[in-house]
There are 2 protein chains.
Amino acid sequence: MSKSEVVELPVLQGGDAVPCCPPITAGELSPADAEKMAGMFKALSDPVRLRLFSKIASHPGGEACVCDIADVGVSQPTVSHHLKKLREAGLLTSERRGTWVYYQVAPSVVAAMAALLDLRG
Amino acid sequence: MSKSEVVELPVLQGGDAVPCCPPITAGELSPADAEKMAGMFKALSDPVRLRLFSKIASHPGGEACVCDIADVGVSQPTVSHHLKKLREAGLLTSERRGTWVYYQVAPSVVAAMAALLDLRG
DNA sequence: CCGGCGTATCGACAAGCATCGAAGCAAGGA
DNA sequence: TCCTTGCTTCGATGCTTGTCGATACGCCGG
């Protein structure tokens, strides 16, 4: 939580931020790296979480209040549960501003996934 | 299962093969697209499956016999079970050649994920 | 044709997970 | 100070899934 001003989509910024693992095609994954990657993928392996993540990532400013994205067909506690999972997986960050809680896409995340997939251009 | 000749790493080939969904940042995911994407991620959300996938993707020729990758710390039926899951998710294809069964990375898969993550360069 | 080897399927079990309603906590307005 | 609104946590429940041993299937050599 070092930046609070998000000008554009935070996704794909960050450039060299690769906090995870070597490319998946570079050789056998170590059990430890496999565990970390699996955690990331598992967080995205639920349709509801994916829709929440997508809503936040595509929201103006790259952030959204819970009340803006809560309409995904499940109860509000369930939404909160999924957001917590995404936060614990390092995919989102959250910040309380007055009455509302805003969630942002963690900047380095998608870049890390890109590195995983060996997309060096 | 239409191709049997794999010359190089199938990963990242295919170019324009995008059989899945719009980029995750392009707007809200439809429930149907979210379901499809979640299926892909779910298949990669297990450490054992990730290691199997990595072993195949990094194997010379982009394919591997089950016997070459089966050493991931679980029993042989479990390996078979995971390979089936990856195949059902469309991430791998399999082919029997004599006694052995060879698994290959489905060419379009990683390109599709790249598109998802909006990595158009 | 038969025995051995490589894989796949089956059935069972334990652990994990998505979901809900109810209750709790935080912030702001009357 | 109370009440309302936004969000999180709690406890329970039913479904999914990772794992195994046992078994079945497919292919080849003798």
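Note that this is a predicted model, so its numbers are computed, not measured. Here is the naming used below: chain letters follow the sequence lines, and residue numbers restart at 1 for every chain.
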Engineer: Rounded to the Å, how far apart are A:Y103 OH and D:dC7 C1'?
Structural biologist: 8 Å
Engineer: What's the CZ-P distance between B:F41 and D:dT17, to the nearest Å?
Structural biologist: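 Rounded to whole Å, this separation is 17 Å.
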Engineer: Check B:D33 against B:P22 and note the closest heavy-atom contact, atom names and distance.
Structural biologist: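 Closest pair (atom of B:D33, atom of B:P22, distance): OD2-CD, 3.3 Å.
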Engineer: Do B:L29 and A:V72 have side-chain heavy atoms sitting under 4.5 Å apart?
Structural biologist: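 No, too far: nothing below the 4.5 Å cut-off.
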Engineer: Please answer whether the main-chain N or O of A:K42 pairs with a side-chain N or O of A:S45 as donor and acceptor at a distance below 3.5 Å.
Structural biologist: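 Present.
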Engineer: What integer distance in Å separates B:W100:CH2 from D:dC28:P?
Structural biologist: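 Computing the B:W100:CH2 to D:dC28:P distance gives 9 Å.
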Engineer: Rounded to whole Å, how long is the line connecting atom CD of A:E95 with atom P of C:dA27?
Structural biologist: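 One finds 13 Å between P of C:dA27 and CD of A:E95, rounded.
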Engineer: Dump the pairs, protein N or O against N or O of nucleotides 16-18 of chain C, anything under 3.5 Å, distances to one decimal.
Structural biologist:
unit_1, atom_1, unit_2, atom_2, d
C:dA18, OP1, A:R49, NH1, 3.2
C:dA18, OP1, A:R49, NH2, 2.7

Engineer: Once you round to the nearest 0.5 Å, how far does NZ of B:K85 lie from CG of B:L92?
Structural biologist: 14.0 Å
Engineer: Nearest to the side chain of A:K84, which nucleotide is it out of D:dT9, D:dC7, D:dC20?
Structural biologist: D:dT9
Engineer: Is B:L52 close to B:Y103 at the side-chain level, that is, under 4.5 Å between some pair of heavy atoms?
Structural biologist: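 Side-chain contact under 4.5 Å: no.
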Engineer: Please give, in whole Å, the distance from C:dT9 C1' to B:L83 CG?
Structural biologist: 14 Å
Engineer: By the definition side chain to side chain donor-acceptor pair (under 3.5 Å), identify the one residue from A:R87, A:R51, A:R49 that meets it with A:H82.
Structural biologist: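 Only match with A:H82 under side chain to side chain donor-acceptor pair (under 3.5 Å): A:R49.
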Engineer: Between D:dT8, D:dG21, D:dC27, which nucleotide gets closest to the side-chain atoms of B:T99?
Structural biologist: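 Side chain of B:T99 sits closest to D:dC27.
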Engineer: Taking the minimum atom-to-atom distance to the side chain of A:S75, which one of C:dA8, D:dT8, C:dG21 wins?
Structural biologist: C:dG21
Engineer: May I ask you to say what B:Y102 touches in the nucleic acid, namely base, sugar-phosphate or nothing, with a heavy-atom cut-off under 4.0 Å?
Structural biologist: nothing
Engineer: Nearest to the side chain of B:P77, heavy atoms from C-beta on, is which of D:dT8, D:dA22, C:dT7?
Structural biologist: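 Looking only at heavy atoms from C-beta outward on B:P77, the closest nucleotide is D:dA22.
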Engineer: Taking atom P of D:dT9 as reference, at what distance in whole Å does atom CD of A:E88 sit?
Structural biologist: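 It works out to 9 Å between those atoms.
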Engineer: Would you indicate which nucleotide in C:dT7, C:dA26, D:dT9 comes nearest to any side-chain atom of A:R96?
Structural biologist: C:dA26
Engineer: Only one of A:H59, A:R96, A:R97 clears side chain to side chain contact (heavy atoms under 4.5 Å, CB included) with A:Y102; which?
Structural biologist: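 Among the candidates, only A:R97 passes.
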Engineer: Determine whether B:V105 and B:F53 make a side-chain contact, defined as any pair of heavy atoms from C-beta on separated by less than 4.5 Å.
Structural biologist: yes
Engineer: Just the rounded figure in Å: distance from C1' of D:dG26 to CZ of B:R97.
Structural biologist: 16 Å
Engineer: Rounding to 10 degrees, work out the angle separating the end axes of the helix from C:dC1-D:dG30 to C:dA30-D:dT1 (five pairs an end).
Structural biologist: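 Here the helix ends are tilted 10° relative to one another.
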Engineer: Under 4.0 Å between any heavy atoms, over every strand shown, what does A:S80 touch: base, sugar-phosphate, or nothing? Just pick one.
Structural biologist: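 A:S80: base contact, heavy atoms under 4.0 Å.
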Engineer: Grab the two heavy atoms, one from B:E63 and one from B:Q104, that are nearest each other, plus how far apart they are.
Structural biologist: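 For B:E63 versus B:Q104, the nearest heavy atoms are OE1-NE2, 3.1 Å.
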Engineer: Atom OG in A:S54, atom CG in A:L44: separation rounded to 0.5 Å?
Structural biologist: 11.0 Å
Engineer: In whole Å, I'd like the distance from the CG atom of B:L92 to the P atom of C:dT7.
Structural biologist: 15 Å
